[in-house]
Amino acid sequence: MSKYREFKQLNLPEIDHEILQFWEEDQVFQKSIDSKPADNTFVFYEGPPSANGLPGIHHVMSRTVKDIFCRFQTMKGKRVERKGGWDTHGLPIELSVEKELGITKEDIGIKISVDEYNAKCREVVMRYKDVWDNITKKMGYWVDLNQPYITFKNDYIESVWWLLGRLYEKGLLYKGYTIQPYSPAAGTGLSSHELNQPGCYRDVTDTTVVAQFKTIPTSLPAVLTGFGDVYILAWTTTPWTLPSNTALTVGPKIEYSLVKTFNQYTFEPINVILASALVTKTFSGKFVAVEDDTAFSTFKEGDKVPYMTVATLPGSDLLGIRYEQLLPLALPYQNPENAFRVIGGSFVTTEDGTGIVHTAPTFGADDARVAKEAVPEVPPMLVLDSKENPVPLVDLQGKFIQGLGDLSGKYVKNEYYADGQAPDKSVDVEIAIRLKEENKAFKVEKYVHNYPHCWRTDKPVLYYPMDSWFIKASAVKERMTELNKTINWKPASTGEGRFGKWLENLQDWNLSRSRYWGIPLPIWRTADAAEEICINSIEKLSEEITKANTKLGLDQQVPKDLHRPYIDSVVLVSSKGEPMKRELDLIDVWFDSGSMPYAQWHYPFENKEKIENRTAFPADFIAEGVDQTRGWFYTLHAIATMVFDNVAFKNVVSNGLVLDKNGVKMSKRLGNVVDPFLTIDTHGADATRWYMIGNAQPWDNLKFDVEGIEEVKRKFFGTLYNTYSFFALYANIDSFTFNEKEIAIEERPEIDQWIISLLNSLIKEVDQDFADYEPTAAVRKIQIFVDDHLSNWYVRLCRRRFWRGEYSDDKIAAYQTLFECLMTLSKLIAPVAPFFSDWMFRNLNQVASISEVSSVHLDNFPVADGQKINKDLEQRMEYAQRISSLVLSLRKKDNIRVRQPLQKILIPAVSEDFVNKVEMVADLIKAEVNVKEIELLADTTGIISKKAKANFKTLGKRLGGSMKAASQIIGNLSQAEIAGIERTGKFDLDIEGQIFELTSEDFEIVSEDIPGWQVANDREITVALDITITDGLLAEGMARELVNRIQNIRKNSDFEVTDRIIVSLEDHPALRPTIASFASYITSEVLADDLILIDQLKEGESVDLTEELALMIAVKKSN
RNA sequence: AGUCUCGUAGCUCAGCUGGUUAGAGCACUACACUGAUAAUGUAGGGGUCGGCGGUUCAAGUCCGCCCGAGACUACCA
């Protein structure tokens, strides 16, 4: 006959090892998938980590979240395939390679060939794969590591190309430009990463100009007419961009003023528009505010310049005003008629400048955006060069192009000239002087501000329009928003707020990256860009290569590796027989990861049905850090919407950050990084997982504190382990193996029915919580059940049933009940604590053979049996718990030990229902608090004093302002008045003469006191305790003290719990009544065959029986 | 700067659609319990619920503004 395993103490890491080994040997993960029907899937997508860095504790967090729901759904009968994946492209990988090789991006192709460089990336990218696989295993995260998808594989790239091809066919791919930081000196664009390097932002002194833009009178609103020439003031720190001005941007909600004054350089009378909030600031120094026109007529050079506000209007009224081009050196090649007008932009502030922004779409990101959003679109200042290509007024060297008069050929910043070559006057100064002379400069000043510099050359960067390929995401903005509304976000605010807002303000997706290690953009173009082709498969590439080989007489093949530089050398041919070359850009790596639903299956070249039958798409569930909202979550959503007009995922959990215990972000620099391996090896994976989930909701940030794991280990796993050990100890003694027929629940004692009822309530709630992606709620409820109800009430109160007496039905019921609780718990906790749960499941099942499967993870999630849920029963047990607690507190007040029996407690009968319920649990209470009788006191006796309280909910609405007074009156009602309410159910409340007719519903009546008794209250329950100790009670109390001392001796002597003993006691007069009445009680309690009183006992040990009485006790084994 | 989240006891967190005296665990103190014992019970101290204003008979809860922490996005004439 097999026994339940017993242990010396809880060792979670050892359990991890044991179960891990079992999983591997039995291929439990594989079985958990294969054993489920293929047509009942729960689709999960693994957001791929990059194996270029080491896993941190936050990965344990996010993977725990993923694992929980996948395991849960598996137990609910779903087939949950979990393909692992690796993100292998991207800037971090390139940078780590560059750091290692000691090179920079500029060296690629010079010091090191692109070929070698990419080989190095390929090598580095999987560097820590083993470490990752190891943590995955150790933390109990089930994911398929054997056939992961890898983003640099040709199959993956081919799928991505296919997706791009679909976008291309739909007209969603186009070439345009974005304003990017660019270093003319280095001849390269800079990433924001590079710009954020320390020391890049530096204070510089620039010549700034507040320029006067002369409005065209016919376009002015009525309020601004009749004053003469009206100028709009706009400030710039980069005067060299003024020739490229094509618009002025105002804040529609900002108030603007028209101010009458003189130009301080030309002394011509002018009227200028600027934000009202900036009038004082702008007209400081040489200016003076005046009230009327007289100052204007007498003004002469040398005086302070008078100014006066003559009109105000909101920015929205300025929209559409046209103005004369400030520096008419060139005109936009497209729609010049739409340039030089006032448009609106939400980014405009009144913090500095004039509240009106000079807008040059070719040199400012905001500028380009507002210009594009304006209706009609404001054209950027692009002109056609000799090859008819549109170019900005400044070339890639940072020089003005030809055809701009004096400016042509000059660098826009003096820093760009070679040493000693810079002219005295920078272009900025030159322009400022010219504007002054032409009555176009309102103010010219030096200004110190923060400006980014190139970290390579130390020279200021230029914001410059760079060619880029875009995905026209804005075209499907509405559809994305619509589809987003069908997604269940956890928390909802991320979906509606962060993600929703992001979709509303969606910009086109800049796909281009000028790097080397990534998926190449599969577009080939002729030199004049007249013809282009987008390659969407390797087969297509092969066809085109063959075609090109024939027409151009080449000998090319499809490269074995689709990366650069091999793919760059492929030349295709246009319909006219011209060569076509690949656009050199790589695509944004986010497109890689957003493509994973399809590319992981090499769709549509393989596994076509998986996507099209919707068995592997969309995902039922994904989870990742909240930082992925605009990363992975977005790219998944965008690609699915654009290509499949579908969501990519139905449920998404975005988890928060893992901070250190002080709430500080973990970083290597601060040395507060928690090592996940160390944590798991020391405390076990389950305690770590349980702590992370139980301590904070996944989407809140977690303040990670190892002490919290310790607490979880002690409180939760320790208690559960103790409960199991307790069960195992006695079940082994009684050879309980669940052989007997199950005893019908209604035939079991009240307390068994109660814990089973609670258990089923728990199943219901936990099942719901897991289904709702609320793991924290589930975990907390389980914890309360285990600690408070199962361990501290059920087991505590039932202990005797397990170790006393025959193997009766009552005992069997106790075993069956506790077994069921433990078995069910193993399943409920399985998603969160996969190791301990399986360990407990297997320990129980290997003896009882209740389940046919070998692992809890192959079993089904428990189903609540509504029949067994009895809310009445739960209610009365709650009464029992609360009453017991009150009695214990009363005992405490008088310092009466629980072992000392007392005669009686009095409880005022609150209601008939209450009386019935308490009577049903009276025995439990009596045993728990060691009291002989419970008297439920009907209030007719008149010895209970009561208190009435107002029911704010019912009265508040009716009484309104009189509520306070009412509550006071009701609180002071006399015993007679309260009795009246109880009798008649009515009461007329008089508040300052106004009568309100109240009913018993409007009151809460509580028994407050029983005069002359020790009384304790807990809400509606009141308990009084009779503390008289009679001789009989005293003798019985002493008997119990004796039992306790003898039990202690047994235990200290390391007797088996089943050993029978002989007890010798030192005789004492105080002891005699006890022995006379309770000798048989004592012997049966301590399993004694004999109890002997001896006058002068020499052997044994001296024991304090009470405070006054100490005596010798000897215990020996009986034969 | 914008968007979002968070702010309740020394620490970690509950607090449902507003309702009476704001709760739990940990930690601390005292006492008790003990055939589960690195557990448990009872009692105690500890709170201007980030601040200010508003709505309401009534605000931790709803609204506005501000402060602080964090994330993401954008970098500004």
Side-chain angles (χ1 to χ4, degrees), chain A residues 9-10 181 192 195 208 234-238 241 249 346-349 351-360 364-367 449 452 463 491 493-494 496-502 505 625-631 656-657 659 661 663-665 694-697 699-701 703 705 707-708 711 714-715 718-719 721-727 729-730 776 780 783-784 787 791-792 795-796 799-800 802-803 884-885 888-893 895 897-899 949-967 971 1004 1044 1047-1048 1050-1051 1055 1057 1085-1087:
Chain A
Q9 60 173 7
L10 174 64
S192 58
L195 224 50
T208 69
W235 182 54
T236 180
T237 55
T238 51
T241 62
T249 308
S346 55
F347 67 94
V348 179
T349 68
E351 264 162 40
D352 44 26
T354 62
I356 297 161
V357 178
H358 143 60
T359 304
D366 275 340
D367 306 36
H449 66 145
Y463 286 92
S493 60
T494 300
E496 287 158 19
R498 190 185 286 213
F499 194 65
K501 290 267 162 58
W502 161 260
N505 302 316
V626 68
D627 54 340
Q628 293 297 336
T629 308
R630 280 140 184 183
L657 298 171
L659 309 170
K661 64 176 178 178
V664 179
K665 204 176 164 179
N695 200 53
Q697 308 246 59
W699 36 89
D700 286 337
N701 290 346
K703 289 182 188 165
D705 188 353
E707 281 182 35
E711 195 182 319
R714 267 205 329 272
K715 276 200 74 71
T719 307
Y721 163 83
N722 274 341
T723 308
Y724 166 79
S725 301
F726 175 84
F727 168 83
L729 175 66
Y730 294 108
T776 307
R780 287 177 179 170
Q783 200 157 319
I784 288 172
D787 286 345
S791 171
N792 284 332
V795 173
R796 198 154 55 85
R799 273 194 310 236
R800 296 170 65 83
F802 290 90
W803 55 264
S884 299
S885 171
L888 290 173
S889 82
L890 284 171
R891 277 180 168 276
K892 164 71 195 153
K893 263 186 205 151
N895 269 323
R897 297 181 309 272
V898 177
R899 266 195 299 268
K949 284 181 179 176
N951 182 345
F952 281 68
K953 255 185 189 162
T954 61
L955 289 174
K957 278 188 195 120
R958 281 171 62 196
L959 302 191
S962 311
M963 191 61 221
K964 248 187 189 151
S967 133
E1004 224 173 275
N1044 168 246
Q1047 298 286 31
N1048 284 347
R1050 279 188 66 119
K1051 202 170 144 203
F1055 289 2
V1057 292
E1085 282 294 306
V1086 302
L1087 302 184

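Residue numbers start from 1 in every chain, and the chains themselves are labelled A, B, ... in the order their sequence lines are given, proteins ahead of strands.
Across all strands shown, nothing is found opposite B/U21 as a Watson-Crick or G-U wobble partner with both distances under 3.5 Å. When both pairing distances are held under 3.5 Å, B/A59 makes no Watson-Crick or G-U pair with any nucleotide shown. Remark: B/A14 base-pairs with no nucleotide in the shown strands. Criterion, Watson-Crick or G-U wobble with two distances under 3.5 Å. Applying the Watson-Crick and G-U wobble criteria (two distances, each under 3.5 Å), B/C72 pairs with B/G2. Using Watson-Crick or G-U wobble geometry with both donor-acceptor distances under 3.5 Å, B/G64 finds its partner in B/C52. In this structure B/A27 sits in no base pair that meets the Watson-Crick or G-U test at under 3.5 Å. If you check B/U40 for Watson-Crick or wobble pairing at under 3.5 angstrom, you find it paired to B/A32. Across all strands shown, B/G47 forms no Watson-Crick or G-U wobble pair with both distances under 3.5 Å.
A/Gly708 comes within 4.0 angstrom of no nucleic acid atom, judged by non-hydrogen atoms across all strands. Using a 4.0 Å heavy-atom criterion, one finds that A/Asn1048 contacts the sugar-phosphate atoms exclusively. Residue-level contact check: A/Thr236 touches the backbone only, with heavy atoms under 4.0 Å from sugar-phosphate atoms and none from bases. At a threshold of 4.0 angstrom between heavy atoms, the contacts of A/Arg1050 include nucleobase atoms, whether or not backbone atoms are also involved. Contacts of A/Ser889 with the nucleic acid, taken as non-hydrogen atoms under 4.0 Å apart, involve only primed sugar atoms and P, OP1 or OP2. If you check every strand for non-hydrogen atoms under 4.0 Å, A/Gln9 touches a base. No engagement by A/Tyr724 is indicated, since no non-hydrogen atom pair under 4.0 Å with the nucleic acid exists. Residue A/Ala966 is out of contact with every strand shown, counting any heavy-atom pair closer than 4.0 Å.
What separates CZ of A/Arg800 from C1' of B/A36 is a distance of 16 Å, to the nearest Å. Between the OH atom of A/Tyr730 and the C1' atom of B/A36 there is a distance of 8 Å, given to the nearest Å. Going from atom CE of A/Met963 over to atom P of B/A58 covers 11 Å, rounded to whole Å. Rounded to whole angstrom, the span from the CD atom of A/Gln697 across to the P atom of B/G70 amounts to 22 Å. Counting to the nearest Å, the C1' atom of B/U37 and the OH atom of A/Tyr721 are 12 Å from each other. Rounded to an integer number of Å, the gap from CG of A/Asp705 to P of B/C11 is 12 Å. What separates CH2 of A/Trp502 from P of B/U73 is a distance of 8 Å, to the nearest Å. The nearest whole Å value for the distance from the CZ atom in A/Arg799 to the P atom in B/A39 is 16 Å.
Of the side-chain N and O atoms in A/Arg714, one or more sit less than 4.0 angstrom from OP1 or OP2 of B/A27. At least one side-chain nitrogen or oxygen of A/Lys703 sits closer than 4.0 Å to the OP1 or OP2 atom of B/U12. Residue A/Tyr463 places at least one side-chain N or O closer than 4.0 Å to OP1 or OP2 of B/C76.
Residue A/Ala696 places its side chain closer to B/C13 than to any other of B/C57, B/C13, B/A36. Distance from the side chain of A/Asn722 is smallest for B/A39 among the nucleotides B/A32, B/G19, B/A39.
The separation of B/A9 from B/G60, taken at their P atoms, amounts to 15 Å, rounded to a whole angstrom. With C1' as the reference atom, B/U56 and B/C11 are 36 Å apart, rounded to whole Å. Comparing the C1' positions of B/C4 and B/G23 gives a spacing of 29 Å, expressed to the nearest Å. B/A43 and B/A24 are spaced 10 Å apart, taking the P atom of each and rounding to whole Å. Taking the P atom of each, B/G50 and B/C16 are spaced 14 Å apart, rounded to whole Å. Rounded to the nearest Å, the gap between the P atom of B/C57 and that of B/U73 is 47 Å. Taking atom C1' in both B/A59 and B/U48, the straight-line distance is 15 Å, to the nearest Å. Here, B/C67 and B/C31 have their C1' atoms 45 Å apart, quoted to the whole Å.
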Polar pairs (N or O, both sides) under 3.5 Å between protein and nucleotides 23-25 of chain B?
from: B/G25; atom 1: O2'; to: A/Glu711; atom 2: OE2; distance (Å): 3.0

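Residue side chain A/Ser791 does not reach the base of B/A39 through any donor-acceptor N/O pair under 3.5 Å, judged by distance alone.
In this structure a side-chain-to-backbone donor-acceptor pair under 3.5 Å is present from A/Arg891 to A/Arg897. Side chain of A/Thr719 to backbone of A/Lys715: a donor-acceptor contact under 3.5 angstrom is found.
Minimum interatomic distance between A/Asn695 and A/Lys703 (heavy atoms only, all atoms of both residues): ND2-O, 4.2 Å. Of all heavy-atom pairs between A/Ser967 and A/Ala950, the closest is CA-CB, 4.1 Å. When all heavy atoms are compared, the tightest approach of A/Trp699 to A/Pro491 is CB-CD, 3.3 Å. Contact detail for A/Val898 and A/Leu888: the closest heavy-atom pair is CG2-CD2, 3.8 Å. Heavy-atom minimum distance, A/His358 versus A/Ala234: N-CB, 3.9 Å.
Residues A/Leu890 and A/Phe952 both approach RNA chain B. Their nearest nucleotides, taken by heavy-atom distance, put A/Phe952 toward the 5′ side. Each of A/Thr494 and A/Gly694 was matched to the nucleotide of RNA chain B holding its nearest heavy atom; the match closer to the 5' end belongs to A/Thr494.
Atom CG of A/Asp367 sits about 6.5 Å away from atom OG1 of A/Thr249, to the nearest 0.5 Å. Taking CG of A/Leu1087 as the reference point, atom CD of A/Gln1047 lies at 7.0 Å (rounded to 0.5 Å).
For the pairing with A/Phe726, the ring pair (Phe, Tyr, Trp, His ring centres under 6.0 Å) check across A/Tyr721, A/Phe802, A/Trp803 returns one residue only, A/Phe802.
A salt bridge links A/Glu1085 with A/Arg800; the closest basic N to acidic carboxylate O contact falls under 4.0 Å.
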